[in-house]
*Asks:* 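Take a look at the following structure, please.
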Amino acid sequence: MRGISRLLSRFCYNHPKFSIPNLMKYIVFGNIAVWLLDMISGGLASLWLSFIPSAVFYGQVWRLVTFVFVPATSDPLYLGLALLMYYYLGTQLEQIWGSTRFTVFYLLGMVLTILCGLALGFSPFRDLAVVNMGYVNLSLFLAFATLFPDAQFRIYFFIPIRGKWLALVYVVLIGLDVVKWLRAGQFLLAAVPAVSLLNWLAFFWDDLFRSKKPAPAPVRRKSEQKPVNLRTAQQQVQKQQGYLHKCAVCGITDRDDRNMEFRYCSKCQGYYCYCANHINNHTHVE
């Protein structure tokens, strides 16, 4: 997984034009448009646009894309709140990561979901629209909570709770869905909720599973202190996590490009490193 994470970071760095600026705006407006068409057609729009594996194999290949715009519910209040949250989280992630990295994150989740749907074409569920973008859209919240674990969200507009706890609840609920389908013997259906977690892990593996810093040694008296060799300390850090510097925007490391210069931003709250391309072109973390 670490290799995949670094490959994605390198791809985003080497292909800065591979992006769809304001991607979530198109996703939200598409959902609203399909919802309006459903109100007029009695639900026929979603029926013709949803991901139904057997219909895709019969030549209705547009469903591989249009299922992204099928709303998760017909309830206007719930749909409005969900789309508002998705738009906010998506735009924030795009500002932090950059358009390229966010586009790759969303498209990779979409591709993994499509692969699950195509696999379901050889199962008893081939005539059902059991694959949608619900889990991928929720993974936006998981990504945001990973970057800002102390950010506060308000449940029902007045119950404050930190993002890291809501993210933990989200992971537990996905795990329960996976276990439920595994116990029922439906391994392909279990993969549908799991792909959003795989997508999240692919982008946050280094941040979540990098080697922890060793516990500080007991304080010695001045006479017992030994001089610290800075070069040796840096080599130890590089040996533990594979790199010394990593850009918080594009994910490029000094291992990917040994000629790249890295700086740390004094205006960001925290220890955030940026490459030469983003040290003056990033949203400050507050």
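Not measured: the values here are computed from a predicted model.
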*Asks:* Do Phe29 and Phe102 sit in one hydrophobic cluster, given that two such residues count as connected whenever their side-chain heavy atoms are within less than 4.5 Å of each other, even indirectly?
*Replies:* yes
*Asks:* Answer yes if Leu173 and Val179 sit in the same cluster of Ile, Leu, Val, Met, Phe, Trp and Tyr residues linked by side chain heavy atoms under 4.5 Å apart, and no otherwise.
*Replies:* no
*Asks:* Do Leu140 and Tyr87 share a hydrophobic cluster (ILVMFWY, side-chain heavy atoms under 4.5 Å, transitive)?
*Replies:*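 The answer is yes; both residues are in one hydrophobic cluster.
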*Asks:* Could you pull out all residues at least two apart from Leu182 that satisfy side chain to side chain contact (heavy atoms under 4.5 Å, CB included)?
*Replies:* Val178, Phe187, Ala190
*Asks:* Which pairs of donor and acceptor atoms, one on a side chain in residues 124-137, lie under 3.5 Å apart (sequence neighbours left out)?
*Replies:*
| unit_1 | atom_1 | unit_2 | atom_2 | d |
| --- | --- | --- | --- | --- |
| Arg126 | NH1 | Ser123 | O | 3.0 |
| Asp127 | OD1 | Ser54 | OG | 2.7 |
| Asn132 | OD1 | Gly134 | N | 2.9 |
| Tyr135 | OH | Asp177 | OD2 | 2.9 |
| Asn137 | OD1 | Tyr106 | OH | 2.7 |
| Asn137 | ND2 | Met133 | O | 3.2 |

*Asks:* How far does CD1 of Ile27 sit from CZ of Phe69, to the nearest 0.5 angstrom?
*Replies:* 4.5 Å
*Asks:* Mind checking the OH-CG spacing from Tyr86 to Leu89? Nearest 0.5 Å is all I need.
*Replies:* 9.0 Å
*Asks:* Please name all residues satisfying ring pair (Phe, Tyr, Trp, His ring centres under 6.0 Å) with Phe122, sequence neighbours left out, ordered by chain then number.
*Replies:*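 Scan of Phe122 (ring pair (Phe, Tyr, Trp, His ring centres under 6.0 Å), adjacent residues dropped) gives Phe57.
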*Asks:* Applying the 4.5 Å side-chain criterion to the ILVMFWY set and letting contacts propagate, would Leu83 and Met39 be lumped into a single cluster?
*Replies:* yes
*Asks:* Identify, with sequence neighbours excluded, every residue that meets ring pair (Phe, Tyr, Trp, His ring centres under 6.0 Å) alongside Tyr78.
*Replies:* none
*Asks:* Measuring from Ile252:CD1 to Phe11:CZ, what's the distance to the nearest 0.5 Å?
*Replies:* 13.0 Å
*Asks:* Name all residues meeting the side chain to side chain contact (heavy atoms under 4.5 Å, CB included) criterion together with Tyr26; count only those two or more places apart in sequence or in a different chain, and write none if there are none.
*Replies:* Ile20
*Asks:* Output the distance between atom CD1 (Ile32) and atom CG (Leu37), rounded to the nearest 0.5 Å.
*Replies:* 12.0 Å
*Asks:* Mind checking what makes ring pair (Phe, Tyr, Trp, His ring centres under 6.0 Å) contact with Phe105, not counting sequence neighbours?
*Replies:*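 Listed in chain order: Trp97, Phe203.
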*Asks:* Can you pull out every side chain to side chain donor-acceptor pair (under 3.5 Å) where at least one residue sits in residues 27-39? Sequence neighbours excluded, please.
*Replies:*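 Of all non-adjacent pairs touching residues 27-39, those that pass side chain to side chain donor-acceptor pair (under 3.5 Å) are Asp38-Ser46.
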*Asks:* For the atom pair CZ (Phe67) and CD1 (Ile52), what is the distance rounded to the nearest 0.5 Å?
*Replies:* 12.5 Å
*Asks:* Which heavy atom of Thr100 sits nearest to which heavy atom of Cys12, and what is that distance?
*Replies:*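 Looking at all heavy atoms of both residues, the shortest contact is CG2-O, 3.8 Å.
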*Asks:* Could you measure the distance from the OG1 atom of Thr103 to the NZ atom of Lys17? Nearest 0.5 Å is fine.
*Replies:* 15.0 Å
*Asks:* Sequence neighbours excluded, which residues qualify as side chain to side chain contact (heavy atoms under 4.5 Å, CB included) partners of Leu142?
*Replies:*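 Side chain to side chain contact (heavy atoms under 4.5 Å, CB included) check on Leu142 returns Ala167, Tyr170, Val171, Leu197, Trp200.
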*Asks:* Assigning hydrophobic clusters by single linkage (Ile, Leu, Val, Met, Phe, Trp, Tyr; side-chain heavy-atom cutoff under 4.5 Å), is Tyr88 placed with Val28?
*Replies:* yes
*Asks:* Would you list the pairs meeting side chain to side chain donor-acceptor pair (under 3.5 Å) in which at least one residue belongs to residues 60-71, sequence neighbours left out?
*Replies:* Gln60-Arg63
*Asks:* Suppose we screen for side chain to side chain donor-acceptor pair (under 3.5 Å). Which residues come up paired with Ser99, at least two apart in sequence or across chains?
*Replies:* Glu94
*Asks:* Could you tell me which residues satisfy side chain to side chain contact (heavy atoms under 4.5 Å, CB included) with Leu77, sequence neighbours excluded, listed by chain and number?
*Replies:*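 For Leu77 the side chain to side chain contact (heavy atoms under 4.5 Å, CB included) partners, ignoring immediate neighbours, are Asp75, Leu81.
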